[in-house]
Colleague: 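There's a structure below that I have some questions on.
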Amino acid sequence: MKCVVIEKPGRVIYTDRELPPLAKDFARIRVKAAAVCATDLEVVDGNIPANYPLTPGHEWSGVVEAVENDRFASWVGKRVTGSNDVTCGVCEACRSGNWRYCKEFEEIGFKRNGAYAEYIDVPAYGLVELPDHLPFTHAALAEPMGVALGTWEKLEPKSGKTCLIYGAGSIGLCCLAVAKAMGMRKIVVVATTSKRLEIAKKMGAYATVAVREEDIFEAMKQYHPEGTDYIIEATGMEECIQNSLKLCKKGGYVALAGYGRGKTMSIRIDDIHVNNLHLIGAGNNWNQHKKAIEMMADGAVDMTPFISETLPLSEVQKALDDARSRPAGFIKAIFTFDD
């Protein structure tokens with residue numbers, strides 16, 4: 001099959017490889033769409049632990065081609081997306097639904113081969129069926145939408161509260177879409193520049209702030225003069241985290257949804273302690289694909305603004321270059337596969 005392989009950090013090739021035997025309780029998916037995530041660039045660069053050589057890709061959709069276990073036979077031929085979590089299924093963490101706390105946890109696209117390929121093998125227990133009217137390109141984005149849903153779930157939000165989202169990448173914009181669907185008010189989206197903020201406005205942001213052009217603290221005095229009820233920090237950048245703690249309302253909530261790339265950072269503890277802030281880590285979000293697909297299918301969220309370009313897998317270098325340079329208005333490159 002045709003696939004992309006990161007042979008080692010910094011070396012990406014488009015090649016052929018043999019299909020492996022299908023593992024126990026796995027399903028083989030004929031990939032129809034696979035999206036490029038910024039995290040994939042970290043794997044390309046060697047900044048995230050991965051099993052090289054590796055086929056990346058953890059945002060996908062497709063059609064079930066085969067299953068290893070007959071008890072999953074009803075899935076064959078169905079349009080699906082699904083979880084990338086490979087677990088033991090029997091430990092206390094798995095039995096309680098906290099898959100990513102499993103000591104044997106591995107993630108497809110990082111420790112196991114992913115979706116930059118004509119076929120991907122995934123656990124059959126994590127499959128989610130797609131409604132016929134939902135495009136494969138939209139369904140491939142269930143994973144980042146699931147991250148947003150999991151982040152908001154950890155915050156235990158109440159409708160009618162104010163919200164600030166730091167970051168206008170795919171996770172930040174997915175958090176915006178969910179915030180709108182949940183009834184948050186005066187949602188402000190913050191980014192370094194205005195390159196993606198027009199999309200945030202079209203998606204219904206109450207206001208946007210480009211911090212290279214406008215002082216964030218002066219702007220937020222206008223939009224949320226008493227502080228912000230809920231802040232989602234989706235950049236993983238030290239200054240943005242520090243500012244989030246300062247901008248949050250007393251007794252408010254800050255979710256750390258951005259990847260910090262292993263960096264040690266400084267924060268002022270009194271910003272949390274004195275103001276009784278709820279500071280929540282939101283880096284592991286599991287079992288959200290079904291909810292994400294339901295929201296897409298019902299029209300509660302619209303994934304159209306996220307799809308910046310569709311390409312064949314052979315144009316992997318262009319897709320990676322665009323994801324890295326982020327031209328104005330760019331959110332996602334998605335590989336699509338002919339029948």
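Treat the numbers as computed from the prediction; the structure is a model and nothing was measured.
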Colleague: Return the minimal non-hydrogen interatomic distance between Phe105 and Glu107, and the atom names on each side.
Modeller: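 So the minimum-distance heavy-atom pair works out to CZ-CB, 3.7 Å.
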Colleague: To the closest 0.5 Å, what do you measure between CD1 (Ile272) and NZ (Lys246)?
Modeller: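 The distance works out to 10.0 Å.
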Colleague: Where is the tightest heavy-atom contact between Leu176 and Ala200, given as atom of each residue plus distance?
Modeller: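 Of all heavy-atom pairs spanning Leu176 and Ala200, the closest is CD2-O, 3.7 Å.
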Colleague: Kindly compute the distance separating CD (Gln317) from CG (Asp322), expressed to the nearest 0.5 Å.
Modeller: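 CG of Asp322 is found 10.0 Å from CD of Gln317.
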Colleague: Just to verify, what does Val178 make a side chain to side chain contact (heavy atoms under 4.5 Å, CB included) with, not counting sequence neighbours?
Modeller: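 Counting only residues at least two positions away or on another chain, Val178 forms a side chain to side chain contact (heavy atoms under 4.5 Å, CB included) with Met145, Ala148, Leu149, Trp152, Met182.
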Colleague: Which pairs with one or both residues in residues 195-204 pass salt bridge (Lys or Arg N to Asp or Glu O under 4.0 Å), sequence neighbours excluded?
Modeller: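 Listed once each, the pairs are Glu198-Lys201.
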Colleague: For a quick test of reading the model, state the closest non-hydrogen atom pair linking Ala333 to Leu311 and the distance between them.
Modeller: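 In terms of heavy atoms, the two residues are closest at CB-CD1, 3.9 Å.
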Colleague: Closest heavy-atom contact between Ala139 and Thr81?
Modeller: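 Heavy atoms of Ala139 and Thr81 come nearest at O-OG1, 3.9 Å.
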Colleague: CD1 of Ile231 to CG of Leu155: how many Å apart, nearest 0.5 Å?
Modeller: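 That separation rounds to 10.5 Å.
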Colleague: To the nearest 0.5 angstrom, please state how far the CD atom of Glu218 sits from the CD1 atom of Ile216.
Modeller: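 Going from the CD atom of Glu218 to the CD1 atom of Ile216 covers 10.5 Å.
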Colleague: Please tabulate, one pair per line, all N/O donor-acceptor pairs under 3.5 Å involving side-chain atoms of residues 11-22, not counting sequence neighbours.
Modeller:
from  : atom 1 : to   : atom 2 : distance (Å)
Arg11 : NE     : Glu7 : OE1    : 2.3
Arg11 : NH2    : Glu7 : OE1    : 3.4
Asp16 : OD2    : Lys2 : NZ     : 2.9

Colleague: Mind listing the side-chain donor-acceptor pairs of residues 61-70 below 3.5 Å, one per line with the distance, residues two or more places apart or on another chain?
Modeller:
from  : atom 1 : to     : atom 2 : distance (Å)
Ser61 : OG     : Phe136 : O      : 2.8
Glu65 : OE1    : Arg30  : NE     : 3.2
Glu68 : OE1    : Asp25  : N      : 2.8
Asn69 : OD1    : Arg71  : N      : 3.0
Asn69 : ND2    : Asp25  : OD1    : 3.1

Colleague: Who passes side chain to side chain contact (heavy atoms under 4.5 Å, CB included) against Pro131, sequence neighbours left out?
Modeller: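 Testing Pro131 for side chain to side chain contact (heavy atoms under 4.5 Å, CB included), a comparison that skips the adjacent residues, returns His133, Leu134, Ile293, Ala297.
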Colleague: Got a sec, which residues hit salt bridge (Lys or Arg N to Asp or Glu O under 4.0 Å) with Glu239, two or more places apart in sequence or on another chain?
Modeller: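 Applying salt bridge (Lys or Arg N to Asp or Glu O under 4.0 Å) to Glu239 gives none.
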Colleague: For Arg185, enumerate each residue passing the salt bridge (Lys or Arg N to Asp or Glu O under 4.0 Å) test, keeping only those at least two apart in sequence or located in another chain.
Modeller: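 Listed in chain order: nothing, the list is empty.
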Colleague: Would you call Glu309 and Lys318 a salt bridge, taking side-chain N to carboxylate O under 4.0 Å as the test?
Modeller: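 Yes, Glu309 and Lys318 are salt-bridged.
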Colleague: Only pairs at least two apart or in different chains count here, so list each side chain to side chain donor-acceptor pair (under 3.5 Å) that has a residue in residues 294-303.
Modeller: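 For residues 294-303, and leaving out neighbouring residues, the side chain to side chain donor-acceptor pair (under 3.5 Å) pairs sorted by first residue read Lys290-Glu294, Asp302-Thr304.
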Colleague: Which donor-acceptor pairs under 3.5 Å do side chains of residues 40-51 form with protein atoms, sequence neighbours excluded?
Modeller:
from  : atom 1 : to     : atom 2 : distance (Å)
Asp40 : OD1    : His58  : ND1    : 3.3
Asp40 : OD2    : Cys37  : N      : 3.0
Asp40 : OD2    : Tyr116 : OH     : 2.7
Glu42 : OE1    : Asn47  : ND2    : 2.9
Glu42 : OE2    : Arg261 : NE     : 2.9
Asp45 : OD1    : Arg324 : NH2    : 3.2
Asp45 : OD2    : Arg324 : NH1    : 2.9
Asn51 : ND2    : Lys111 : O      : 2.9

Colleague: Working note: Glu226 + Lys250, criterion salt bridge (charged side-chain N to carboxylate O under 4.0 Å, His left out); need CA distance, chi angles, decisive distance, verdict.
Modeller: CA-CA 9 Å; Glu226 296 181 3; Lys250 288 186 177 182; over 6 Å; no
Colleague: Sort and list the pairs that fulfil ring-ring contact (aromatic ring centres under 6.0 Å, His included) and have at least one residue in residues 173-227, not counting sequence neighbours.
Modeller: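 For residues 173-227: none.
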Colleague: Only distances under 3.5 Å count here; give the side-chain donor-acceptor pairs of residues 158-175 to other protein atoms, sequence neighbours excluded, each with its distance to 0.1 Å.
Modeller:
from   : atom 1 : to     : atom 2 : distance (Å)
Thr162 : OG1    : Asp229 : N      : 3.0
Thr162 : OG1    : Asp229 : OD2    : 3.0
Tyr166 : OH     : Asn243 : ND2    : 3.3

Colleague: Could you report the tightest heavy-atom contact between Ala181 and Ala300, atom names first, then the distance?
Modeller: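 Scanning both residues, the minimum pair turns out to be CB-O, 4.0 Å.
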Colleague: The criterion is ring-ring contact (aromatic ring centres under 6.0 Å, His included); which residues satisfy it with Tyr125, sequence neighbours excluded?
Modeller: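 Tyr125: ring-ring contact (aromatic ring centres under 6.0 Å, His included) contacts with Trp99.
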Colleague: Measuring from Met303:CE to Met295:CE, what's the distance to the nearest 0.5 Å?
Modeller: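 These two atoms lie 10.0 Å from each other.
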